[in-house]
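What follows is a short report on a single structure.
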Protein chains: 2
Amino acid sequence: MPLPYIIEAMSRENKSQYAILGILADAPRSGYEIKKLCDQFLSFFWNENYGNIYPALKKMEAEGLVTMERMKQDGSPDKKVYTITEAGHTALKDWLRRPPDFRILREELLLQIFFGQTIGAAPFREKIERQKKWCQSIIDRLNEVREYVETEIAPERQEDNLPYWLATLRFGLRFYQMESDWCDEAQAILLELAGNEND
Amino acid sequence: MPLPYIIEAMSRENKSQYAILGILADAPRSGYEIKKLCDQFLSFFWNENYGNIYPALKKMEAEGLVTMERMKQDGSPDKKVYTITEAGHTALKDWLRRPPDFRILREELLLQIFFGQTIGAAPFREKIERQKKWCQSIIDRLNEVREYVETEIAPERQEDNLPYWLATLRFGLRFYQMESDWCDEAQAILLELAGNEND
DNA sequence: TAGTTCATGTAATGAGTTACATGATTAT
DNA sequence: ATAATCATGTAACTCATTACATGAACTA
């Protein structure tokens, strides 16, 4: 009885440009501001870095998806503020309507546990505890984000975006709570095992 | 009140070699067999491809972590069977004791939902339904794997590995069940919104 | 006859991250 | 004095995936 494959890989294309277009659709911004917004609001399911953002902005400007305007500031260096164009809006909406790629997980902790028999259950006690603490710290931060968007964002913008943002936040909260619960279960499974190992 | 960053990136090194060493620690195998095992047992949290496996095996052979033996077969092409060495065992155990990198998610569906206001809630009905069906199909396959390891694997090997394998399977089952449940919640959030959009 | 499985590999490309470079200002 | 923030970018690198190449045997 041969087993079927669990997950088959999918073809992937570059999605960074859409993350950037989505952020610019809200308001014109600089590369630096885009990065900051990614870190603060998206990083629990998406992240971008400068080495990606700046070349992408340049490329999108050449393609006519955004326009750039230099802004002088006193006290800080010049800013390059990017604004989304009509073509940019169209590209964003086209992508938004397409079905997303399915995720491919890479969980090093699970890989280690899968081969755990090699070193026995004991070292995993601490690893799983560490993982649980990490989950809890992210849950705390997600709750901070939720409070922030519910109280600090202007009410007229909430009406538009709040349900969408809430849906993503709920995923994050469910995910890390699920993982925290799994940590407890995994500890129980390996605790029982450690008992047998000592016999 | 500035928000803290949710997740900070970590330095990452190549982990493919440890996946391969872990599989070879169980028994000598060819690159082809390693790939098949990855697909059947690990692919819900880890996957490897030939373009990675074959060069990695060659490199590990040069480093003395594995040895290679050519095996002639009738009916099929020659096999290159790799066996883990003492040095390989040591490298594997060293990695198993190290704390794992924390994951970085890239969830295209969440990115689309975050910017969903641009196109409105309607197109997400189908996307989320598709996501839920995908989750259910993986849950079905994970249950097949669980039945397989509980019934088809030799009992004396179960004693060693079963709890570790069960712990990883439980993560998969919890994860995809969590996501399936989240799909229902997200539909409810966006359904309510679609009602308001029609006003 | 067409597709799948067995079996190995390389080349090319694309994606993602880190390190480096510069430099002023502001807070501790 | 030191660190952090603001601000932009490039170069190098690693990682991951896909396409390509070969070829025999078996199955529908």
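Lettering of chains follows the sequences in order, A, B, ..., and the numbering in each one begins at 1.
- Between the CG atom of B:L57 and the P atom of C:dA7 there is a distance of 15 Å, given to the nearest Å.
- In this structure, CD1 of A:I34 is placed 15 Å from P of D:dC6, rounded to the nearest angstrom.
- The distance from atom CG of A:N52 to atom P of C:dT17 is 8 Å, rounded to the nearest whole Å.
- Taking only side-chain nitrogens and oxygens, B:S16 never comes nearer than 4.0 Å to OP1 or OP2 of D:dC15.
- For the residue pair B:D140/B:Q136, the side-chain donor-acceptor check at 3.5 Å is not satisfied.
- Defined by atom type and a distance below 3.5 Å, a donor-acceptor pair is present between the side-chain atoms of B:D181 and B:Q177.
- Checking the phosphate oxygens (OP1, OP2) of C:dA15, no side-chain nitrogen or oxygen of B:R106 falls inside 4.0 Å.
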Report the C-alpha distance between A:L169 and A:F44 in whole Å, list the side-chain angles of each, state the deciding distance to 0.1 Å, and finish with yes or no for side-chain contact (heavy atoms from CB on, under 4.5 Å).
CA-CA 9 Å; A:L169 280 166; A:F44 72 97; 4.2 Å; yes
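- B:G51 comes within contact range of at least one nucleobase, with a heavy-atom separation under 4.0 Å.
- Here the side chain of A:P55 is nearest to one of D:dA7, C:dA7, D:dT10, namely D:dT10.
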Set out, in order, the CA-CA distance, both residues' side-chain angles and the distance that settles side-chain contact (heavy atoms from CB on, under 4.5 Å) for A:Y164 and B:T118, then state yes or no.
CA-CA 10 Å; A:Y164 299 99; B:T118 311; over 6 Å; no
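- Side-chain atoms of A:K36 lie closest to D:dC6 of the nucleotides D:dT10, D:dC6, D:dT8.
- In this model, the phosphate group of D:dC15 is approached by a side-chain N or O of B:N14 to a distance below 4.0 Å at OP1 or OP2.
- At whole-Å resolution of the value, CD1 in B:I104 and C1' in C:dG16 are 9 Å apart.
- Side-chain nitrogen and oxygen atoms of A:Y32 include at least one within less than 4.0 Å of the OP1 or OP2 phosphate oxygen of D:dC6.
- Residues passing the side-chain hydrogen bond (donor to acceptor under 3.5 Å, both in side chains) test with B:W182, sequence neighbours excluded: none.
- The interatomic distance linking A:I53 (CD1) with D:dT8 (C1') rounds to 12 Å, in whole Å.
- Close to D:dC15, at under 4.0 Å from its OP1 or OP2, lies no side-chain N or O of B:N49.
- Between B:W134 and B:Y176, the two ring planes are perpendicular [angle over 60°; tilted spans 30° to 60°].
- Atom OH of A:Y50 and atom P of D:dT8 are 8 Å apart (whole Å).
- Aromatic ring orientation, A:F175 versus A:F171: tilted (interplanar angle from 30° to 60°).
- Residues from residues 58-71 of chain B with heavy atoms under 4.0 angstrom of DNA chain C, sorted by number: B:K58.
- Separating the CG atom of A:D39 from the P atom of C:dT17 is a distance of 11 Å, rounded to the nearest angstrom.
- Counting to the nearest Å, the C1' atom of D:dC6 and the CD atom of A:Q40 are 14 Å from each other.
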